[in-house]
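Note that the coordinates shown come from a computational prediction; the quantities given were computed from them, not determined experimentally. Both backbone and side-chain heavy atoms feed into the values below; hydrogens, waters and symmetry mates do not.
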Amino acid sequence: MTTITSYEDYLKEYKKSIDNPEQFWGEQAENFVWKKKWTSILNWDFEKPEIKWFEGGKLNITDNCLDKHLDILAEKTAIKWIANDPKEGSISLSYKKLHTQVCKFSNVLKNNGVVKGDRVCLYMPMVPELAIAVLACARIGAIHSVVFAGFSAKSLADRINDAGCKVLITADGGYRGNKIINLKNIADQAMLDSCSIKKCIVLKRTKQKVVIKKNRDVWWDNEMENVNENCNSESMNSEDPLFILYTSGSTGKPKGIQHSIAGYMVYTHFSFKNVFQYKDGDIYWCTADIGWITGHSYIIYGPLLCGATTIMFEGVPTYPDAGRLWEIVEKHKINIFYTAPTAIRSLEAKGDDFVKKYNLSSLKVLGTVGEPINKDAWEWYYTKVGKENAPIVDTWWQTETGGIMISNLAGVTPMKPTFATLPLPGILPCIMDDQNNEITKNSIEGKLCIKFPWPSMARTIYGDHKRFKETYFSAFKNKYFTGDGCYRDENGFYRITGRVDDVLIVSGHNLGTAEIESAIDQHPNVCETAIVGYPHSIKGNGIYAYVILNSDIKKENKKQLKLELNELVVKEVGPIAKVDKIQFVVGLPKTRSGKIMRRILRKIAEGDTHKLGDTSTLLDPKIIDEIKKNAEYAY
Ligand code: PRX
């Protein structure tokens, strides 16, 4: 595996990767265990789109995450799990123990009818069994679809149905701060709306009472008793799917982003090692949830492929108080710490005393992901957490990219606050103008595309290749369109400025405006809704709803209505999509073709009502004055 150790090295490797990508990635792929070597490195066509890496190869990713390490690292901690409640402490799973658990659970899956190619849905708290279940799916060639445990029954059912999952793995409940999430209850509701689930495997975590349905529900612990500890890994083709992970899109229906095995393996290992400059013995902690791509690539696969010790934290940054993350850093001597700007901002807002209390001198590298980091949060992270000794890697990437695409390499390539900086080897970004031309100059802003395939890119949207093509490969010919706006400075450093489509990034979570709108529209008093984002000091973006009612209601009832609308949002999407502000309006600014001009609504929500730009194409421009006038009455 190429390890980049200096800026000159980076420039050299980058050039090599662009001049001869196949040779570059072929060399990286040599570092893995293959059951059969590939016959071709890359075949691609962005028109179709079709992307194939390492075709002809046969492998199993778990041979590389687990078995490969058993000779030398058997007793090394693979996963150190830290409980939500500090009194419950932590559990360490060595590579050997993790291997055994994964093999046992692989047999449990088989005993419950799962075969290669089946989809398995995981709706679980952040406990080691989640990682075990993910790896067990991979070991037997089943496709895992992890659904974040904060999603509602409806969202879970939609995802189960879309992928036609055969088995659901969940828990009785989950702890998050001082809350208990009734996972099995929610899963039961979801299963009422999904007929593909044949078995539900239930882990005991909170020990609360749950309903067990005969012939369908089984307990994890019972299944694990007396099961064989050996399970040969299934021989998989390089391009067989490894997992599906749902992400929001511009329409209400979430997209099942599908990744394949070999390319994802090569790229997550390569990027983990180089971006974080991981060294043997480092203790690495990514605070993300495994329900998101960050957890897949950089809690489970990347670190385990590297033979690292990866921390898995069940709790939240503010429980029992805002010093929790720093207490963990001190206690477990974390060397590499990776989190989201929203967490940094929320902890900064609680004051410096929580950070000062702890000895954070073990920290060598800090990372951020998920949304643009503002200068103030960057400075605080750098000075108060890293004490100016730990470089910050600002890592830009997406569920669809599978791995980190643009980022400085810790302490190796230059860092610039609020800039993701330079592309990783093999990544060819470009910036497009509104006329769909590539802008080759520097100091410009436009839409970010990628010109050449990389190993961990998504291969399709599960069951909807047409949508895959339309969403990512149609806006710009022969290019992957990221949906992000981007600025490139005079030195060629990239700064991601935010989404240019109808996707909102709220607290680092990807939400579609359409799914929130359709939840609110279900209320009998609501005629139509438009959702936009507005700057929010902690969440990055807050959610602002413009709602047209069927009939006007009294002012004193509007607060109550807001509560009811948010109940619907929680039920349909989940608590992460709760609306922050609601403005009741008599109409929405629409073009003659009926499209809502969100650009204008965004400006008003931001409080910038002067420069609204061209409004001449609106059906009824007068509506804007009305909305502006009432903006101060948002609830
Ligand atoms: O808008 C970008 C933002 O998050 C989006 C991808 O969201 P998701 O698929 O949920 O994956 C998040 C974790 C990889 C991107 O299109 N984003 C991600 N990282 C950054 C970012 N925006 C600015 N800077 C980043 N470092």
Side-chain angles (χ1 to χ4, degrees), residues 119-124 143-165 168 170 183 186-187 189-191 193-197 241-259 288-297 370-371 397-402 457-473 481-484 499 501-522 529 531 533 541 543 568-579:
R119 277 79 56 215
V120 175
C121 181
L122 283 70
Y123 185 66
M124 295 180 80
I143 303 166
H144 55 81
S145 167
V146 184
V147 176
F148 174 59
F151 275 119
S152 67
K154 161 89 170 43
S155 299
L156 175 60
D158 286 349
R159 286 158 174 77
I160 289 173
N161 291 336
D162 187 75
C165 293
L168 172 64
T170 189
L183 293 172
I186 301 172
Q189 284 174 46
M191 284 187 284
D193 290 329
S194 47
C195 48
S196 59
I197 297 289
L242 175 63
F243 65 87
I244 300 168
L245 184 59
Y246 284 86
T247 186
S248 298
S250 305
T251 68
K253 194 171 181 283
K255 300 173 283 194
I257 300 298
Q258 184 177 309
H259 283 281
D289 192 288
I290 289 172
W292 311 112
I293 189 69
T294 310
H296 283 58
S297 303
E371 54 186 312
W397 58 296
Q398 308 178 297
T399 305
E400 296 85 342
T401 69
M457 72 187 296
R459 303 298 196 260
T460 192
I461 291 175
Y462 185 81
D464 199 348
H465 198 66
K466 188 163 159 265
R467 187 173 180 201
F468 185 60
K469 178 176 172 151
E470 274 162 13
T471 312
Y472 305 108
F473 297 92
F481 176 43
T482 64
D484 279 328
R499 300 292 305 187
D501 56 10
D502 293 340
V503 171
L504 274 180
I505 309 283
V506 179
S507 297
H509 301 316
N510 208 323
L511 297 171
T513 50
E515 38 186 345
I516 311 173
E517 286 162 4
S518 70
I520 294 181
D521 288 348
Q522 287 188 14
T529 310
I531 296 286
N541 281 302
I543 303 179
L568 275 171
V569 171
V570 170
K571 183 167 153 267
E572 293 290 307
V573 189
I576 48 173
K578 265 192 189 170
V579 168

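- Legend: residues meeting salt bridge (charged side-chain N to carboxylate O under 4.0 Å, His left out) with Lys154, ordered by chain and number and at least two apart, are Asp158, Glu572.
- With values rounded to the nearest 0.5 angstrom, Ile293 atom CD1 is found 5.0 Å from Leu245 atom CG.
- Closest non-hydrogen pair, Thr471 versus Arg467, comes out as OG1-O, 2.6 Å.
- Nearest heavy-atom pair across His259 and Thr399 is NE2-O, 2.8 Å.
- Checking Asp521 against Thr529 by side-chain atom types alone, a donor-acceptor pair falls below 3.5 Å.
- Neither side chain, Tyr123 nor Arg159, offers a donor N or O lying under 3.5 Å from an acceptor on the other.
- Qualifying side-chain hydrogen bond (donor to acceptor under 3.5 Å, both in side chains) partners for Arg499, counting only residues two or more places apart in sequence or in other chains: Asp501.
- The only option from Ile244, Leu156, Val146 that meets the side-chain contact (heavy atoms from CB on, under 4.5 Å) definition with Cys121 turns out to be Leu156.
- Under the rule for a side-chain hydrogen bond (donor to acceptor under 3.5 Å, both in side chains), the partners of Ser155 that lie at least two apart in sequence or sit in another chain are Ser152.
- Aromatic pair His296/His144: ring centres closer than 6.0 Å.
- Aromatic ring orientation, Phe151 versus Phe148: perpendicular (interplanar angle above 60°, classes split at 30° and 60°).
- With sequence neighbours left out, Tyr472 forms a side-chain hydrogen bond (donor to acceptor under 3.5 Å, both in side chains) with Lys255, Glu400.
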Give the C-alpha distance, both sets of side-chain angles, the deciding distance and a yes or no for side-chain hydrogen bond (donor to acceptor under 3.5 Å, both in side chains) between Asn510 and Ser248. CA-CA 6 Å; Asn510 208 323; Ser248 298; 4.9 Å; no
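- In this view, Ser194 satisfies the side-chain hydrogen bond (donor to acceptor under 3.5 Å, both in side chains) rule with no residue, not counting sequence neighbours.
- Put simply, CD on Glu515 and CG on Leu511 are 6.0 Å apart, with the number rounded to the nearest 0.5 Å.
- Listed here is the closest heavy atom pair of Ile160 and Ser196: CG2-OG, 3.8 Å.
- The distance from atom CZ of Phe243 to atom OG of Ser145, rounded to the nearest 0.5 Å, is 10.0 Å.
- The CD1 atom of Ile257 sits 5.0 Å away from the CD1 atom of Ile461 when rounded to the nearest 0.5 Å.
- When all heavy atoms are compared, the tightest approach of Asn161 to Cys195 is OD1-N, 4.2 Å.
- Considering all non-hydrogen atoms of both residues, Ala187 and Thr170 come closest at CB-CG2, 4.1 Å.
- The closest donor-acceptor contact from the side chain of Gln398 to the backbone of Thr482 lies under 3.5 Å.
- Annotation: side chain of Leu122 is not in contact with side chain of Val147 (no heavy-atom distance under 4.5 Å).
- To the nearest 0.5 Å, the span separating NE2 on His465 from CD on Glu470 amounts to 11.0 Å.
- Checked against salt bridge (charged side-chain N to carboxylate O under 4.0 Å, His left out), Glu371 has the following partners two or more places apart in sequence or in another chain: Arg345.
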